[in-house]
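This is the structure, below, for whatever I ask next.
As the structure lists them, so they are numbered: ligands from 1, and atoms in each ligand from 1.
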Amino acid sequence: MNETLANLLQENRRFAPPAELAAQANVTAAAYDEAAADRLAFWAKQAERLHWHKTWDQVLDWSNPPFAKWFVGGQLNIAYNCLDRHVLAGNGDKVAIHWEGEPGDTRTITYADLYRDVCRAANALTDLGVGAGDRVAIYMPMIPEAAVAMLACARVGATHSVVFGGFSADALSGRIQDADAKLVITADGGYRRGKPSALKPTVDEAVERCPSIEKVLVVRRTGEEVAWGDKDVWWHDAVEGASAEHEAQPFDAEHPLFILYTSGTTAKPKGILHTTGGYLTQASYTHHAVFDLKPDTDVYWCTADIGWVTGHSYIVYGPLSNGATQIMYEGTPDTPHKGRLWEIVEKYGVTILYTAPTLIRTMMKWGDDIPAQFNLSSLRLLGSVGEPINPEAWIWYREQIGAGTCPVVDTWWQTETGAIMISPLPGVTESKPGSAMRPLPGISADVVDDTAVSVPPGGGGYLVLREPWPSMLRTVWGDDQRFLDTYWSRFEGLYFAGDGAKRDEDGDLWLLGRVDDVMLVSGHNISTTEVESALVSHPKVAEAAVVGATDPTTGQAIVAFVILRGSADASEELVAELRNHVARTLGPIAKPRQIMLVAELPKTRSGKIMRRLLRDVAENRSLGDVTTLQDSSVMDLISKGLQAPS
Ligand code: 6R9
């Protein structure tokens, strides 16, 4: 790309923090000044929110960049921080997890319960020969044992690699082999879309190809019949019979905590490595700061799956280190009905909700009348993560879910960053719909042009991080060179995030999606996100995905795939109206050549739109690799729709 991203969209709405929230906010504007004055002292202060068995000698060792060491010489135990210290402080009876199974079964788990379960599981891991430095694969449904398994690994110093329960045997075995894991923790299955969905057969198939696996520890969840081999051990035999006494040993701040694989478009997944002290410091601090968590009164709910980094940092480590009471839900949002999430919010009085734009846009598509049937008045703060949130989806979220009063925090971060990097602070920031606003205190993000020069207000370019941060990835597991090549070679001395961004006239940041998704139309760089946001700002549109398709006259032409809101009817007039609407909103250069009305969009299993596949459709190519696609029938539907005369 030889030109920076265009800067098309204007958004003038502003939302100040509610006065009451601002008056009692966990973090005030002073945090920015403090961090600006002395970044390392700021992070050292946040690290002091944790319990250290031994304090550190040096906050940051950056003598061999980009290989960082944080809190050098310090020692801690992550599980101790998430459990023991709350129980020791007299909060054992406090609910840690309100778990809701998809079929409607529930469990209420206090901190004392979770502490006991994790101690037992830690003893069971030791009995199975798993100890500090070993790798454990976790392939689980969204049941409390998934969190117990992660914490038990952390407690004994084993490095976990959680693999999303929807991935195939190929994906699972590839990840097990790459990490050379000794143990897999899984379940017979979980419930999805109203029925049991088996996991154990996939594990059996994967383990056949993984000689490193010595044992498979299996939780009974669905009770369905499973094949049983020599390596298999029931969780209820190994864990429930184990001693509930377990003393947490301290580990070095740089001890490897987890590996989490991110799938690139075609290349082999990268095992992103996170370590202990810096990771927990930033996961814990950002959860406290961005969600303004009041552990005694809030009921927090992050709807992510623990198979993604959001589940690691904002279901397990951030919330539990802060002593939160949270919801964990096993199933899909439309089982048994499309109001399931709102029913859960009402039932438990959820105060803080953290979810993804894909879910918000799905809810928009299903219609406003669904959330309107539930009492959502307990909510006081809403968060978004995973993709750029279109301004109109942001507004819908605030209005229809947040009663027009809840602040919305749009949080930008990545598996690689480990924790939130760019976000409003709910008690401080006057936010703008669709903008992640400013780097958090202690974080230095910037937008640069092709030559690594910082762009002025109004400019666009590449998002970079200028200084190391505590929860940064330490390397790509087993492949330092790939770590250097992927993140540190595009711009000398800067971390390249792979996302496009613009800085507005006030200096606030707008994330524009992956740089691979930028279109070049008649010599202008146009971001897919901005055209999608223009489409979603039309009252009849719920969701849109935009790609650049090769075009003989303009180089690339804009092709849009649009899902209408529940009540809207498809017609040629509507398509013409939508094309004109984009031209009016962004300028004639951004007018789509073609708009396809579709029923679904291809998404990754974590809910991100796969524009690459739509580009294949728009350019009449056969489809590339679809293995990370959530629902492969979607592409058939879209290809059929293309032949229809819309
Ligand atoms: C946490 C997570 C990372 C990529 C990232 C970016 C996109 C995430 C975003 C966002 C715009 C936000 N992304 N949050 N884009 N605004 N608030 O999603 O991690 O799965 O590794 O994805 O997601 O493109 O680079 P991960």
Note down each nitrogen or oxygen pair, ligand 1 side and protein side, whose separation is under 3.5 Å; give only atom names and the distance to 0.1 Å.
unit_1   : atom_1 : unit_2 : atom_2 : d
ligand 1 : 13 (N) : G386   : O      : 3.3
ligand 1 : 14 (N) : G386   : N      : 3.1
ligand 1 : 15 (N) : P388   : N      : 3.4
ligand 1 : 16 (N) : E387   : O      : 3.3
ligand 1 : 17 (N) : D410   : OD1    : 2.7
ligand 1 : 17 (N) : T411   : O      : 2.8
ligand 1 : 18 (O) : K608   : NZ     : 2.9
ligand 1 : 19 (O) : T415   : N      : 3.4
ligand 1 : 20 (O) : K608   : NZ     : 3.3
ligand 1 : 21 (O) : T415   : N      : 2.8
ligand 1 : 21 (O) : T415   : OG1    : 2.6
ligand 1 : 22 (O) : K608   : NZ     : 3.0
ligand 1 : 23 (O) : G386   : O      : 3.2
ligand 1 : 23 (O) : K608   : NZ     : 3.2
ligand 1 : 24 (O) : D499   : OD1    : 2.8
ligand 1 : 24 (O) : D499   : OD2    : 3.0
ligand 1 : 25 (O) : Q414   : NE2    : 2.9
ligand 1 : 25 (O) : D499   : OD1    : 3.2
ligand 1 : 25 (O) : D499   : OD2    : 2.8
ligand 1 : 25 (O) : R514   : NH1    : 2.9

Next item on the list: For R361, check salt bridge (Lys or Arg N to Asp or Glu O under 4.0 Å) against everything at least two apart and list the hits.
Entry: E387, E543
Check: Any donor and acceptor pair, going by atom type alone, linking the side chain of E532 with main-chain N or O of N390 inside 3.5 Å?
Finding: no
Next item on the list: Could you tell me whether R175 sits above the aromatic face of Y139, with NZ or CZ closer than 6.0 angstrom to the six-membered ring centre and within 45 degrees of the axis?
Entry: no
Check: When V350 is tested against each of L341, D298, V345 for side chain to side chain contact (heavy atoms under 4.5 Å, CB included), which residue passes?
Finding: V345
Note to self: Testing I422, L494, T417 one by one against L465 for a side chain to side chain contact (heavy atoms under 4.5 Å, CB included), which residue passes?
What the structure shows: T417
Check: Any Lys/Arg nitrogen of R438 or D508 sitting under 4.0 Å from an Asp/Glu carboxylate oxygen of the other?
Finding: yes
